[in-house]
There are 2 protein chains.
Amino acid sequence: MASVKDVARAAGVSVATVSRVLNDSAAVSAPARARVLAAVADLGYRPNAVARSLRTDATRTIGLVIGDILNPFFTELARAVEDEARAAGYSVVIGNADERPDRQDHYVATLLEQRVDGLLLCPTAEITPLVRDMVERGAPLVFLDRTLPGLDVPSARVDGTAAVHDLVAHLHGLGHRRLAFVSGPATLSTGRERTAAFTAALAAHGLRVRPEYLAAGDFQAASGRAATARLLALPEPPEVIVAGDNLMALGALDEIRARGLAVPGDVGLAAYDDVPWFAHLSPPVTAVAQPVQDLGRRAVRALADRMAGRPVEQVVLAARLVVRRSCGEAAPGPARKEGSGRP
Amino acid sequence: MASVKDVARAAGVSVATVSRVLNDSAAVSAPARARVLAAVADLGYRPNAVARSLRTDATRTIGLVIGDILNPFFTELARAVEDEARAAGYSVVIGNADERPDRQDHYVATLLEQRVDGLLLCPTAEITPLVRDMVERGAPLVFLDRTLPGLDVPSARVDGTAAVHDLVAHLHGLGHRRLAFVSGPATLSTGRERTAAFTAALAAHGLRVRPEYLAAGDFQAASGRAATARLLALPEPPEVIVAGDNLMALGALDEIRARGLAVPGDVGLAAYDDVPWFAHLSPPVTAVAQPVQDLGRRAVRALADRMAGRPVEQVVLAARLVVRRSCGEAAPGPARKEGSGRP
DNA sequence: CCTGATCGTGTAATCGTTTACACGGTCCTG
DNA sequence: CAGGACCGTGTAAACGATTACACGATCAGG
């Protein structure tokens with residue numbers, strides 16, 4: 001593959017002049033510039049980003065480690081990160097942790113060795129030694145979606161407290177009192193926060209938190225199904241099941257269908273975290289929608305600030321309730337409704 | 001960030017010895033090795049992959065340019081590619097072309113500059129000058145999912161001819177005769193092949209190909225909805241609509257629901273390309289499932305062969321029909337059925 | 001005791017860029 | 001016309017790793 005040296009020889013100039021033309025970093029005479037550009041086109045020269053990065057100590061690349069690439073939430077997040085990063089002249093290298101701390105660390109290590117200029121991390125479970133080390137060394141890091149308590153790192157996340165409150169109000173308004181929640185793992189900040197928001201919302205409506213209505217899941221479909229089976233087998237089963245994420249909602253739906261029950265006739269279903277096809281299920285599923293696009297974009301901007309040494313504020317965005325039909329028909333009134341998951 | 005030089009100084013050895021320990025490329029005395037390892041741990045040394053790549057002329061990285069990151073087909077494909085590549089010691093850098101040739105070329109160019117060791121490309125539409133150039137220069141390239149005619153490049157793809165034949169046989173067996181197809185763009189090999197498979201299957205069952213039943217789409221949901229609107233507005237609308245991919249099937253379903261029609265009572269629906277949540281729709285959608293995991297893995301292996309200079313055979317995998325309930329209930333018999341999209 | 005093999009180690013070149021510095025020429029100014 | 005400012009250009013030194021080559025020490029065989 002052709003190098004600057006080859007281009008310089010072909011154009012009859014020095015490598016410095018070639019570099020100057022390519023980066024237009026300094027004035028070059030018109031004829032020299034023309035000869036260089038001709039040589040570049042002729043040789044099909046493509047600058048070697050590896051060599052450039054070595055010299056400039058910058059890769060114009062950021063790393064993004066997501067929880068699970070098969071989860072549409074993270075896919076959409078990756079898309080948004082990518083768009084914003086490209087606009088800022090950065091490439092994004094994605095690592096899929098598959099919700100496993102060891103795999104998360106594998107990617108973090110790889111990305112550090114590749115000398116990404118910054119790193120967006122959706123941490124999987126606990127603080128690993130590698131992550132702690134990175135934080136202590138002051139690596140340009142921003143947590144995305146999830147946070148790790150006890151580490152002073154900028155983060156971009158969604159606060160669903162108000163939306164969950166709206167959801168419980170909606171359910172309460174429909175006459176439901178026995179509300180169950182399938183929580184995410186307590187090892188994840190998102191798992192803890194959603195559970196806390198739900199129990200707080202119950203309390204705000206004067207509802208008792210029945211321990212048997214809090215079923216533990218792990219954000220994967222299978223756990224949602226198992227939890228739902230347990231809930232529906234109770235002597236007094238809940239009227240509505242709220243799933244802590246979109247995958248567990250899917251598992252819950254499977255179990256409900258497998259038992260030949262009707263939604264919302266026999267049991268209502270709602271989910272934290274909306275995905276496009278919730279609107280296409282029958283009945284369409286009521287969900288708490290997170291501003292995923294915005295979250296990704298804001299995270300990139302926060303990371304850009306961090307890399308530039310500018311002060312970084314925490315990014316906290318609000319979720320919103322999207323009422324559909326899976327918890328029962330709302331009485332005619334001013335309730336917000338929506339037919340499709342996509343604006 | 002610490003470099004070999006720092007490690008060497010701390011360990012009281014030369015950089016060569018440090019390198020030898022880290023790559024165990026040659027014998028090093030036990031005490032020297034121990035001192036080096038201690039220094040590495042002490043300094044938190046992380047080899048600079050940029051410098052290594054420059055020297056060794058290999059990045060242990062492959063590029064993957066996909067059509068659309070929001071399409072679950074490509075997400076699952078990326079996941080499989082990633083898994084296989086990691087197992088072989090490669091990192092994967094993903095580029096999302098968003099079905100736009102200009103963006104595809106942006107990523108191809110970027111990945112070439114980053115000196116990936118090989119490239120998996122799901123080409124978007126026509127042959128661009130950049131792609132032609134790359135092929136002529138003999139870059140280690142493998143086409144994935146889609147191919148470009150007239151270019152002699154190894155590829156990994158799915159042949160759905162037999163599965164589409166099975167689908168038409170299934171529909172025919174249910175008594176349906178008026179079958180419509182919402183095709184993908186004729187600029188994509190997958191668009192052309194699926195349409196050809198459908199018309200051939202019709203002919204094999206003695207069915208006439210009615211031109212008004214071939215509606216052109218672009219693999220995106222909106223076009224599926226528009227095409228379905230046209231089809232349902234015909235004086236003699238089709239009994240079944242077959243969508244050329246999963247997104248257009250979703251659009252079709254929206255339009256059918258918007259018109260207050262029942263599936264499969266008023267009109268049947270089937271899709272080429274299965275996705276997990278098809279099984280969760282009501283009714284569950286009959287679809288042609290592609291062996292996505294296998295496709296991704298085989299593509300990586302083909303690329304690995306190509307990079308190693310070994311001969312590469314074309315990879316062609318068969319799709320299979322997954323009968324669900326969206327085209328009508330099958331008469332009791334030996335027909336294959338399936339409840340869930342995931343094995 | 002000499003010779004040659006083997007072993008552990010260090011020195012320095014190299015990969016393809018960018019860029020500090022030097023240098024010669026032209027032009028303007030006083 | 002002398003002097004400085006400025007412009008275009010080239011030379012060479014980095015960046016951090018790998019590795020060919022050389023070198024001294026140890027050791028075995030004759």
Side-chain angles (χ1 to χ4, degrees), chain A residues 1-40 43-61 89 91 109-117, chain B residues 1-40 43-61 89 91 109-117:
Chain A
M1 187 141 243
S3 78
V4 266
K5 226 174 275 185
D6 302 311
V7 174
R9 193 173 327 116
V13 298
S14 74
V15 293
T17 298
V18 174
S19 178
R20 282 189 273 252
V21 169
L22 264 38
N23 306 302
D24 43 43
S25 54
V28 173
S29 71
R33 146 166 277 121
R35 289 207 311 279
V36 168
L37 291 177
V40 164
L43 297 172
Y45 169 76
R46 234 162 246 300
N48 185 329
V50 173
R52 166 181 298 150
S53 293
L54 178 60
R55 176 58 226 249
T56 61
D57 196 34
T59 52
R60 302 291 308 164
T61 289
S91 294
T110 303
L111 292 169
L112 288 179
E113 293 188 4
Q114 293 183 176
R115 296 300 195 265
V116 291
D117 293 341
Chain B
M1 187 141 242
S3 77
V4 266
K5 224 174 279 184
D6 302 312
V7 174
R9 193 174 324 118
V13 298
S14 73
V15 292
T17 298
V18 175
S19 178
R20 283 191 272 253
V21 170
L22 264 38
N23 306 301
D24 42 42
S25 55
V28 172
S29 70
R33 146 167 277 117
R35 289 207 310 279
V36 168
L37 292 177
V40 164
L43 298 172
Y45 169 75
R46 237 161 243 299
N48 185 329
V50 172
R52 168 183 295 145
S53 294
L54 178 61
R55 178 56 225 251
T56 61
D57 197 33
T59 52
R60 302 292 306 166
T61 289
S91 294
T110 303
L111 292 169
L112 287 179
E113 294 188 3
Q114 292 183 174
R115 295 300 193 266
V116 291
D117 293 343

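In the text below, chain A, chain B and the rest are named by the order of the sequence lines, each starting its count at 1.
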Taking any atom closer than 4.0 angstrom to a non-hydrogen atom of chain A, what span of DNA chain C does the protein reach, first nucleotide to last? C:dG16 to C:dT19
Tell me, please, which residues at least two apart from [X] pass side chain to side chain contact (heavy atoms under 4.5 Å, CB included).
X       : value
B:Ala38 : none
A:Ala2  : A:Asp6, A:Leu43, A:Tyr45
A:Ala11 : A:Val13, A:Arg35, A:Val36, A:Ala39

Exam field: side chain B:Ser91 to backbone B:Thr61, donor-acceptor pair closer than 3.5 Å: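 Not a single qualifying donor-acceptor pair exists.
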Run the side chain to side chain contact (heavy atoms under 4.5 Å, CB included) test on A:Glu113 and B:Val50 for me, step by step, so that the C-alpha distance in whole Å, both residues' side-chain angles and the decisive distance to 0.1 Å come before the verdict. CA-CA 8 Å; A:Glu113 293 188 4; B:Val50 172; over 6 Å; no
Those residues that, when tested against B:Arg52, pass side chain to side chain donor-acceptor pair (under 3.5 Å) (two or more places apart): none
Tell me, please, which residues at least two apart from A:Thr59 pass side chain to side chain donor-acceptor pair (under 3.5 Å). A:Asp117
Could you tell me how far apart B:Met1 (CE) and D:dA17 (P) are, to the nearest whole angstrom? 10 Å
Mind calculating the distance between CD (A:Glu113) and P (D:dG16) to the nearest angstrom? 15 Å
Throw together a table of side-chain donor-acceptor distances under 3.5 angstrom for residues 14-22 of chain B, partners on residues two or more places apart or in other chains.
{"unit_1": "B:Ser14", "atom_1": "OG", "unit_2": "B:Ala16", "atom_2": "N", "d": "3.4"}
{"unit_1": "B:Ser14", "atom_1": "OG", "unit_2": "B:Thr17", "atom_2": "N", "d": "3.4"}
{"unit_1": "B:Ser19", "atom_1": "OG", "unit_2": "B:Asn23", "atom_2": "ND2", "d": "3.2"}

Return the residues of residues 8-27 of chain B meeting this criterion: a heavy atom under 4.0 Å from some atom of DNA chain D. Order them by number, or give none.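 By residue number: B:Ala16, B:Ser19, B:Asn23.
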Which residues, if any, of residues 48-57 of chain B bring a heavy atom under 4.0 Å of DNA chain D?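 Under 4.0 Å from DNA chain D: B:Asn48, B:Ala51, B:Arg52, B:Leu54, B:Arg55, B:Thr56.
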If you find the nucleotide of DNA chain D closest to B:Arg46 and the one closest to A:Arg33, which residue's nucleotide is nearer the 5' end?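 Counting from the 5' end, the first nearest nucleotide belongs to A:Arg33.
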Within a strict 4.5 Å, meaning less than it, do heavy atoms of the A:Gln114 and B:Asn48 side chains meet? no
With the side chain counted from C-beta on, respond yes when A:Val40 and A:Arg46 share a heavy-atom pair under 4.5 Å apart, and no when they do not. no
Determine to 10° how strongly the helix from C:dC1-D:dG30 to C:dG30-D:dC1 is bent, judged from the axes of its five-pair ends.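 Result, rounded to 10 degrees: 50°.
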